[in-house]
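Here the structure is a predicted model, which is why all the values come from computation and not from measurement.
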Amino acid sequence: MTGVVGAVVSNVLDSIAPQDACSCPGTFSRWPVSWLRNVFIWESNPRTFLFDRLIFIFSFIFFEFVEELRLFTIKKEFHSAFSWSLCFAIILVLPYLFFWDYAGKPVVNHVLPKEKIFSVIENRGIPASDHDAEPSLLREPSFLDQFGATDEEPNRCHPSKALLKVFMYDLPPEFHFGLLGWDGDGKSVWPDIKTKIPNYPGGLNLQHSIEYWLTLDLLSSRFPNRSGPCSAVRVEDSREADVVFVPFFSSLSYNRHSKVKPPQTVSTNKLLQQKLVEFLTAQEEWKRSGGRDHIIMAHHPNSMLDARSKLWPCMFILADFGRYAPRVANVEKDVIAPYRHLIKTFVNDSSGFDDRPTLLYFQGAIYRKDGGSIRQELFYLLRDEKDVHFSFGSVIANGINEASRGMHSAKFCLNIAGDTPSSNRLFDAIASHCVPVIISDDIELPYEDVLDYSKFCIFVRTSDAIREGFLIKLIRGVSREDWTRMWQRLKVVEGFFEFQYPSKKDDAVQMIWQAVARKVPAVRLKVHRSTRFSQFNTQRQDEKHVV
C-alpha cells in the first residue's frame with residue numbers, strides 16, 4: 001500500500017516541479033521536491049522513513065506558524081534575524097526531543113508486527129566470506145528465532161514463547177523408562193531426571209532412540225532456569241495443547257522384547273501394543289480429535305507393527321515409509337526424523353580436498369533384500385576401482401571405530417537403499433563431513449521442507465547408478481570447488497542431526513518439534529472439519545423433523 005501511494009505522490013511531485021523547487025502554493029513553496037518525495041515514499045532504508053515523516057509533520061506545523069508570524073511582523077515593521085534563527089532552531093530540535101527513540105532504529109522493530117514465517121536454518125558461525133555466493137538458508141533466522149524469545153536470552157527455555165504446547169500421557173513405566181530397567185519408587189511414573197537419567201542401551205539400539213530424547217526434553221521443559229531453548233513445552237491440561245504426546249518407547253520395545261520368551265505365548269512387545277491401543281482409544285483426548293493430534297514414535301521400521309493399522313490417524317514420527325501402507329503413513333501427515341549417528345563426530349575438522357585420500361567409501365551389509373539388492377550390483381561395479389573403499393562391515397568388534405576413520409578420510413560416502421529406503425549411514429556421513437551420495441529412489445529426508453539437501457548431497461537414480469561406469473565417472477567429475485562448498489555446508493548443518501540432553505538450539509530434538517509444529521495447522525483443519533456437525537447433533541437431511 002505504501003509503495004502505491006508513494007508512486008502516485010512521486011508522479012504528482014514530478015509534474016508540479018520537474019526541477020528541485022516546489023511551485024506549490026502556500027507553505028509547500030519552500031520545500032524541496034526531493035525531500036517531499038522522501039517523506040511520502042518508503043525508500044530502501046526503512047530506518048529513517050518514519051523519522052523523516054515526523055520531521056515533516058512538525059516542520060509543516062511550524063512553518064505555518066512562522067508564516068503567520070512573518071505577516072504579523074511585517075505589519076509591525078519589525079524584522080529580527082534573531083527571531084528567525086530561533087524559529088528555525090525550534091523546527092529542527094523539537095522532532096528529536098519528541099521522537100528520540102526512533103532515530104537510527106529499524107522502523108519494523110517499533111511499528112510493524114513480527115512476521116511469523118516457518119523458517120529454517122541459522123548461520124552457525126561459518127565466516128561470511130566462505131559463503132558469499134550462497135543464497136542461503138545460512139543467513140536466514142532460525143525457526144526458533146522467528147517464533148521464540150527474540151528479545152530474551154536465546155540459550156534459555158521460555159515456556160511462554162514455545163512453538164508447541166504438548167500434553168503428555170502419564171503412561172506406566174512399562175511403556176517407557178521401565179524398558180530401560182528403571183523401576184521407580186511407586187510415587188511417580190517418571191524418573192527424577194534432575195538427579196539421575198536412566199541410560200539408553202548402546203550399539204544399534206541408539207540409532208532409533210528419538211523416543212528417549214524427545215521424552216527427556218518434554219520432562220525438563222518446565223524446569224526453572226532450564227538451559228537451552230525449548231520449541232515444545234509440556235502442559236497439564238490437554239485442552240490447552242496443540243498436540244498430545246504418547247511416550248511409548250516402541251523402537252526399544254521391538255529391539256528388546258519382540259521375541260516370545262517362555263512361558264510367554266505372546267511377546268512383551270505385542271502385549272504393550274495391545275495395551276496401548278486399548279488405553280488410547282478409551283481416552284477423551286483421542287475421541288475428541290479421532291487421534292489426529294496424537295504423536296506416536298515408531299522410528300524402527302518394525303516397531304508398532306501390530307498397532308499401526310489401528311492408530312493410523314495419528315501423527316507418526318518415522319525413519320521412512322518403506323514398510324507402511326500409504327493410508328497409514330505418508331509425508332502429508334507424518335514426520336520423518338533422523339537416525340542418531342553411530343560414528344564419532346568429526347570435531348575441529350580442517351581436512352581439505354587433498355587431505356581425504358579415499359574418493360568413495362562404503363562399509364556395511366552388502367547382500368540385502370528388497371530394494372537393497374542394488375548394493376550387491378554396485379559392489380561388483382566398484383570393487384576394483386582405484387581409491388574406492390567398498391567392503392562388508394558391522395558394528396561388532398571394532399566396526400564403529402573403523403567406519404569413523406574411513407568416513408573421516410573419504411571425500412564421498414555412499415548411502416544406498418537397504419531393506420528400507422533409509423539407513424543410519426547418511427547421518428554418519430553428515431557427522432563425518434563426508435559428502436553423501438544418495439542412491440535410494442524412495443527415500444524421505446528429515447526437515448526437507450526447510451532444508452535443501454542438494455546443497456550438501458549428491459542424488460543418483462538407481463537406474464543410472466547401476467550403469468557401468470556412470471557412478472564413478474560422475475564422482476570423479478566433481479570439482480575441488482564444488483566438493484569444498486558441499487563440505488563447508490555439511491559443517492553448518494551437522495548440528496540439526498545431533499541428539500543430546502539437554503537439547504541445544506536447532507539440534508535434532510528442536511528440529512523435530514519444529515517439524516511437528518509445521519504439521520499443526522493441517523491437523524487442526526482436519527479436526528475442525530470432522531466436528532462440523534457434531535456440536536448440536538444435527539439430523540440428516542432425509543430425516544423428518546418431528547414437531
Side-chain angles (χ1 to χ4, degrees), residues 301 319-324 326 331 336 338-339 341 343 353-354 356-394 402-403 406-446 448 451-490 493:
D320 58 48
F321 302 122
R323 294 180 181 173
Y324 285 80
V331 72
I336 297 297
Y339 292 67
H341 65 81
I343 66 126
F353 187 81
D354 295 326
R356 292 178 174 242
T358 303
L359 175 69
L360 188 61
Y361 184 90
F362 177 89
Q363 184 164 303
I366 295 175
Y367 302 99
R368 309 300 289 177
K369 55 188 177 182
D370 301 327
S373 60
I374 185 181
R375 292 188 183 185
Q376 184 176 349
E377 296 185 58
L378 287 174
F379 171 69
Y380 292 119
L381 286 171
L382 298 172
R383 61 180 177 177
D384 295 326
E385 289 287 343
K386 180 184 176 182
D387 57 22
V388 172
H389 177 94
F390 200 122
S391 68
F392 175 82
S394 68
E402 288 181 4
M407 286 184 156
H408 290 183
S409 62
K411 296 179 179 70
F412 299 93
C413 289
L414 280 170
N415 180 71
I416 315 169
D419 295 341
T420 60
S422 67
S423 77
N424 186 60
R425 197 164 284 101
L426 169 61
F427 307 100
D428 283 344
I430 291 173
S432 303
H433 313 147
C434 178
V435 175
V437 179
I438 299 175
I439 307 173
S440 180
D441 296 346
D442 297 321
I443 194 171
E444 296 291 346
L445 299 167
E448 197 171 10
L451 187 60
D452 186 355
Y453 281 77
S454 68
K455 300 292 185 183
F456 55 90
C457 296
I458 295 174
F459 292 84
V460 183
R461 294 183 181 88
T462 300
S463 58
D464 291 330
I466 58 177
R467 289 163 49 195
E468 188 169 359
F470 179 89
L471 182 60
I472 194 66
K473 182 179 179 181
L474 174 69
I475 299 304
R476 293 194 190 281
V478 177
S479 69
R480 176 194 303 266
E481 292 73 20
D482 287 338
W483 181 88
T484 302
R485 186 162 47 249
M486 289 187 283
W487 172 74
Q488 289 173 334
R489 184 63 175 156
L490 283 168
V493 304

Are the charged groups of E385 and R476 less than 4.0 angstrom apart, N to O? yes
Check against side-chain hydrogen bond (donor to acceptor under 3.5 Å, both in side chains), S440 and N415: CA-CA 8 Å; S440 180; N415 180 71; 5.8 Å; no
For the residue pair S423 and Y339, confirm or rule out a side-chain donor-acceptor distance under 3.5 Å. no
With a 4.5 Å heavy-atom cut-off, do Y453 and F459 have their side chains touching? yes
Is the shortest heavy-atom distance from the side chain of E448 to the side chain of V331 under 4.5 Å? no
Measuring from L382:CG to L414:CG, what's the distance to the nearest 0.5 Å? 6.5 Å
Starting at CD of E468, measure out to OH of Y380 and round the result to the nearest 0.5 Å. 15.0 Å
Side-chain contact test, heavy atoms from C-beta onward, threshold under 4.5 Å: evaluate it for L426 versus I438 and give yes or no. yes
Do you see a donor-acceptor pair shorter than 3.5 Å between the side chains of T462 and D441? yes
Mind checking whether F390 and I366 have side chains closer than 4.5 Å, heavy atoms only? yes
Between R485 and D482, does any NZ, NE, NH1 or NH2 come within less than 4.0 Å of an OD or OE carboxylate oxygen? yes
So which heavy atom on L471 is nearest to which on L378, and how close? CD2-CD2, 4.1 Å
Is there a side-chain contact (heavy atoms from CB on, under 4.5 Å) between V435 and F456? Walk through the geometry before answering. CA-CA 6 Å; V435 175; F456 55 90; over 6 Å; no
Show the nearest heavy-atom pair for residues R425 and R375, with the distance to one decimal. NH1-NH2, 3.4 Å
Are F321 and D442 close enough that some pair of their side-chain heavy atoms sits under 4.5 Å apart? no
The test is side-chain contact (heavy atoms from CB on, under 4.5 Å); show your working for L474 and I472 and say whether it passes. CA-CA 5 Å; L474 174 69; I472 194 66; over 6 Å; no
Rounded distance [0.5 Å steps], CG in L490 versus SG in C457: 6.5 Å
Nearest non-hydrogen partners of M407 and S432, listed with the distance: CB-OG, 3.3 Å
Is the number of heavy atoms from other residues, nucleotides or ligands within 6.0 Å of CZ (R461) greater than 12? no
Hey, are the side chains of E402 and Q363 touching, using non-hydrogen atoms and a 4.5 Å cut-off? yes
Partners meeting side chain to side chain donor-acceptor pair (under 3.5 Å) with S463 (sequence neighbours left out): none
Report the C-alpha distance between K411 and D387 in whole Å, list the side-chain angles of each, state the deciding distance to 0.1 Å, and finish with yes or no for salt bridge (Lys or Arg N to Asp or Glu O under 4.0 Å). CA-CA 10 Å; K411 296 179 179 70; D387 57 22; over 6 Å; no
Side chains of R356 and H433: does their closest heavy-atom pair fall under 4.5 Å? yes
For a side-chain contact (heavy atoms from CB on, under 4.5 Å) check, start with the C-alpha distance between I443 and D320, then their side-chain angles and the critical distance, and finish with the verdict. CA-CA 7 Å; I443 194 171; D320 58 48; over 6 Å; no
Any side-chain heavy atom of H389 within less than 4.5 Å of one from L359? no
Scanning both residues in full, the closest heavy-atom pair of P446 with P338 reads CG-N, 3.5 Å
Parallel, tilted or perpendicular, as decided by the 30° and 60° cut-offs, for the rings of F353 and W483: perpendicular
Which atoms form the tightest heavy-atom contact between I343 and A403, and what is the distance? CG2-CB, 4.0 Å
Please report the closest heavy-atom contact between I466 and L381, naming both atoms and the distance. O-CD1, 3.7 Å
For a side-chain contact (heavy atoms from CB on, under 4.5 Å) check, start with the C-alpha distance between I336 and L445, then their side-chain angles and the critical distance, and finish with the verdict. CA-CA 6 Å; I336 297 297; L445 299 167; 5.8 Å; no
For T420 and S422, indicate whether the former's side chain and the latter's backbone hold a donor-acceptor pair under 3.5 Å. yes
